[in-house]
Amino acid sequence: MIRLGLCCLFRQAPIKFSATTARSLLRLDRDAQLARLDRLCLENTLALLAALEEVKRLGFGAFRVLSTLFPLYTHPDVGYQLEQLPSARQIFDILQQVRIRKEYYHLRLSFHPDQFVLLSSPRPEVTASSIDELVYQAKLAALIGADVINIHAGGVYGDKQAALERLAEQIEALPQAIRNRLTLENDDQSYSVADLLPLCDKLSVPLVYDVHHHRCNPDGLSVAAATSACLQSWQRVGREAHLHISSPKYGWGEEPKPHADFIDRADFPDEWLDLSATIDVEAKAKEPAVLRLKEQLALPDWPEKGANDG
DNA sequence: GCATGTCAAGTTGTG
DNA sequence: CACAACTTGACATGC
């Protein structure tokens with residue numbers, strides 16, 4: 001059975017995640033900074049709990065948590081630890097409720113660190129800040145029971161093999177909490193499925209297969225072959241596979257990379273119809289897009305009847 | 001209220 | 001050289 005996943009935000013439900021800027025925080029003294037961050041973190045944690053309810057209500061099976069749930073957490077000047085916040089106890093309580101709901105509804109939670117998280121960079125300061133960010137996301141993932149932290153391989157820096165070797169070294173040295181959640185996704189310009197497979201095989205890193213990126217950045221593998229490689233990489237670690245679907249905003253012409261509001265049914269691979277896997281729907285229209293795809297594929301509400309037993 | 005400029009971070013390709 | 005693209009526009013400010 002396929003479970004569809006919503007990514008990060010809601011367009012219809014009144015569920016909002018709030019942010020702030022470092023610049024505005026820097027005009028405040030530390031106590032005032034922490035007070036404002038406290039309010040944002042508390043609101044966002046409550047919004048995450050509401051998000052799970054809505055995801056379940058809509059019959060979806062997965063939710064991608066936005067990286068900025070705790071705004072500016074790893075920022076060099078205004079960063080903080082949850083324990084420093086006045087409402088820390090309440091925030092941890094709510095996070096635990098998120099985990100309990102997630103288990104009760106059989107939902108799957110994931111993270112997708114943004115483009116600044118690069119383990120292949122030759123610049124040590126880039127790698128160091130990336131690992132800081134991964135430590136933060138892994139801590140949060142452990143608290144709410146998210147099993148996936150999915151990143152791209154990053155830049156090429158003029159030598160793809162050398163970059164892949166740096167990536168492999170960094171992955172091997174990661175703390176367990178990150179290592180056992182880390183996944184690699186093929187991207188739309190540099191690293192294809194074929195590029196990533198040797199590393200995924202060698203280090204038992206699951207491959208998140210993005211078919212839109214694959215179509216933008218082909219590698220000679222068919223969709224069927226890439227799907228099969230993805231499934232195998234997850235089977236090896238005994239976990240449910242994870243894939244991404246999106247459609248091009250302007251069609252498959254000159255500019256296929258930007259994402260459309262909805263998924264074109266024709267872009268959904270036939271090879272995926274019988275999968276038991278999580279498929280994140282990367283569509284600007286958010287819930288309506290996931291709902292439309294769910295209807296077009298005639299998928300039942302998640303969890304399927306019987307999945308809740310035990 | 002609403003329009004507009006700005007926002008922590010890296011890398012790549014395009015116009 | 002500026003800017004968009006990337007999993008996601010939203011915040012802060014000034015009128």
Side-chain angles (χ1 to χ4, degrees), chain A residues 5-11 15-28 36-37 39-40 43-44 47-48 51 62-80 109-134 136-137 146 148-160 163 166-167 183-191 208 210-213 216-217 242-250 254-261 263 278-287 289-290:
Chain A
L6 178 71
C7 296
C8 306
L9 302 175
F10 293 79
R11 175 170 285 193
I15 298 173
K16 295 285 174 224
F17 296 96
S18 303
T20 186
T21 60
R23 178 199 277 260
S24 68
L25 280 182
L26 282 169
R27 289 187 307 221
L28 309 172
R36 181 140 148 218
L37 290 163
R39 183 177 57 76
L40 290 169
E43 285 175 6
N44 285 354
L48 178 60
F63 183 65
R64 180 187 301 173
V65 182
L66 76 174
S67 300
T68 53
L69 188 78
F70 297 142
L72 299 163
Y73 189 87
T74 59
H75 189 282
D77 299 322
V78 298
Y80 53 99
L109 299 176
S110 65
F111 287 85
H112 197 354
D114 56 31
Q115 59 271 35
F116 313 107
V117 173
L118 298 163
L119 296 180
S120 60
S121 175
R123 297 167 53 199
E125 70 273 21
V126 171
T127 310
S129 63
S130 297
I131 291 174
D132 284 350
E133 181 68 20
L134 289 171
Y136 148 65
Q137 298 206 15
V148 168
I149 299 176
N150 178 43
I151 63 171
H152 293 289
V156 172
Y157 313 95
D159 184 341
K160 191 178 275 188
R166 286 193 298 272
L167 174 62
T183 65
L184 286 172
E185 177 187 347
N186 62 303
D187 66 71
D188 57 13
Q189 63 190 15
S190 300
Y191 291 91
V208 171
D210 187 314
V211 70
H212 184 181
H213 291 165
C216 293
N217 181 23
H242 206 134
L243 305 89
H244 292 175
I245 183 77
S246 48
S247 280
K249 184 173 184 176
Y250 312 108
E254 293 295 299
E255 207 183 346
K257 292 177 185 177
H259 288 176
D261 285 350
I263 307 300
T278 304
I279 299 176
D280 277 354
V281 179
E282 295 179 340
K284 303 275 187 189
K286 299 297 162 193
E287 313 102 289
V290 184

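Order of the sequence lines fixes the chain letters, A, B, ..., with proteins taken first and strands second; residue numbering starts at 1 for each chain.
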| task | For dT11(B), take OP1 and OP2 only and decide whether either is under 4.0 Å from a side-chain N or O of H152(A). | result | no
| Looking at residues at least two apart in the chain, or sitting in another chain, which of them share a ring pair (Phe, Tyr, Trp, His ring centres under 6.0 Å) with H212(A)? | W252(A), H259(A)
| task | Please measure how far the P atom in dA8(B) lies from the corresponding atom in dA12(C), and state the result in whole Å. | result | 10 Å
| Whole-Å gap separating C1' (dT11(B)) and NZ (K160(A)) | 14 Å
| request: Using a 4.0 Å heavy-atom cut-off across all strands, classify E282(A) as base, sugar-phosphate, or nothing. | output: sugar-phosphate
| field | Under the side chain to side chain contact (heavy atoms under 4.5 Å, CB included) test, residues paired with R23(A) that sit two or more places apart | value | T21(A)
| request: Could you pull out the closest heavy-atom pair between V156(A) and Y191(A), with the gap in Å? | output: CA-OH, 3.7 Å
| note | Per-residue pairing states of DNA chain C in dot-bracket (Watson-Crick or G-U under 3.5 Å; . unpaired, | other strand) read ||||||..|||||||
| remark: For L134(A) and I151(A) the tightest heavy-atom approach is CD2-CG2, 4.2 Å
| note | Of the listed dA8(B), dG10(B), dT7(C), the closest approach to the L118(A) side chain comes from dG10(B)
| field | Integer-rounded Å distance: dT11(B) P and L167(A) CG | value | 14 Å
| Is the closest side-chain heavy-atom distance between L243(A) and D280(A) below 4.5 Å? | no
| note | By side chain to side chain contact (heavy atoms under 4.5 Å, CB included), E255(A) pairs with (sequence neighbours left out) Y250(A), P258(A)
| message | Among residues at least two apart in sequence or on other chains, which ones pass ring pair (Phe, Tyr, Trp, His ring centres under 6.0 Å) with Y136(A)? | response | Y73(A)
| Has F116(A) got its ring stacked on dA9(B), by the test of a centre gap below 5.5 Å and a plane angle below 30°? | yes
| task | With P as the reference atom in both, quote the distance from dT7(C) to dG5(B) in angstrom, rounded to an integer. | result | 27 Å
| query | What does nucleotides 10-15 of chain C look like as a protein-contact string, B for base, S for sugar-phosphate only, - for none, at under 4.0 angstrom between heavy atoms? | reply | -SSS--
| task | Could you work out the separation of dG10(B) and dC11(C) based on their P atoms and round it to a whole Å? | result | 23 Å
| query | Nearest to the side chain of Y157(A) - dT12(B), dT7(C), dA8(B)? | reply | dT12(B)
| If we ignore angles and hydrogens, is there a donor and acceptor under 3.5 Å between the side chains of S121(A) and R166(A)? | no
| message | Can a side-chain donor-acceptor contact be found between E185(A) and N150(A) if the only test is distance below 3.5 angstrom? | response | yes
| task | To the nearest Å, give me how far apart NE2 (H242(A)) and P (dT7(C)) are. | result | 13 Å
| So, is S67(A) close to the dT8(C) phosphate, meaning a side-chain N or O under 4.0 Å from OP1 or OP2? | no
| How is V156(A) classified with respect to the nucleic acid when contacts are heavy atoms under 4.0 Å: base, sugar-phosphate, or nothing? | sugar-phosphate
| request: Would you classify H212(A) as touching base, sugar-phosphate or nothing, given that sugar-phosphate means primed atoms plus P, OP1 and OP2, and contacts are heavy atoms under 4.0 Å? | output: nothing
| On a whole-Å scale, what distance lies between the C1' atoms belonging to dA3(B) and dC6(C)? | 27 Å
| Counting just side-chain N and O atoms, does K257(A) come under 4.0 Å of either OP1 or OP2 of dA4(C)? | no
| Is there a donor-acceptor pair closer than 3.5 Å between any side-chain N or O of K257(A) and the backbone N or O of Q189(A)? | no
| request: Rounded off to whole Å, could you give me the CD-to-C1' distance for the Q115(A) and dT12(B) pair? | output: 12 Å
| said: If I take atom CG in residue L72(A) and atom P in nucleotide dA9(B), what distance separates them, rounded to the nearest angstrom? | reply: 11 Å
| Length of the CG-C1' vector between D114(A) and dT7(C), whole Å | 9 Å
| request: For T68(A), answer base if it contacts any base atom (sugar-phosphate contacts may also be present), sugar-phosphate if it contacts only those atoms, and nothing otherwise; contact means non-hydrogen atoms under 4.0 Å. | output: nothing
| request: Compare side-chain N and O positions of H259(A) against OP1 and OP2 of dA5(C) and report whether any pair is under 4.0 Å apart. | output: no
| message | Rounding to an integer number of Å, can you tell me how far H244(A) NE2 sits from dT8(C) P? | response | 11 Å
| task | In whole angstrom, give me the gap between the C1' atoms of dT13(C) and dT8(C). | result | 23 Å
| message | Nearest to the K284(A) side chain among dT7(C), dT8(C), dA8(B), which nucleotide is it? | response | dT8(C)
| request: Measure from NZ on K249(A) to P on dT8(C) and round the result to the nearest Å. | output: 10 Å
| task | For the side chain of E255(A), starting at C-beta, report the closest nucleotide among dA9(B), dG10(B), dA5(C). | result | dA5(C)
| When we call it a touch if two heavy atoms are under 4.0 Å apart, what does P258(A) touch: a base, just sugar-phosphate, or nothing? | sugar-phosphate
| query | Of D210(A), T183(A), T278(A), I279(A), which meets side-chain contact (heavy atoms from CB on, under 4.5 Å) against H242(A)? | reply | T278(A)
| query | Heavy atoms under 4.0 Å, any strand shown: does C8(A) hit a base, just sugar-phosphate, or nothing? | reply | base
| query | Would you say the side chains of R39(A) and S18(A) form a donor-acceptor pair under 3.5 Å? | reply | no
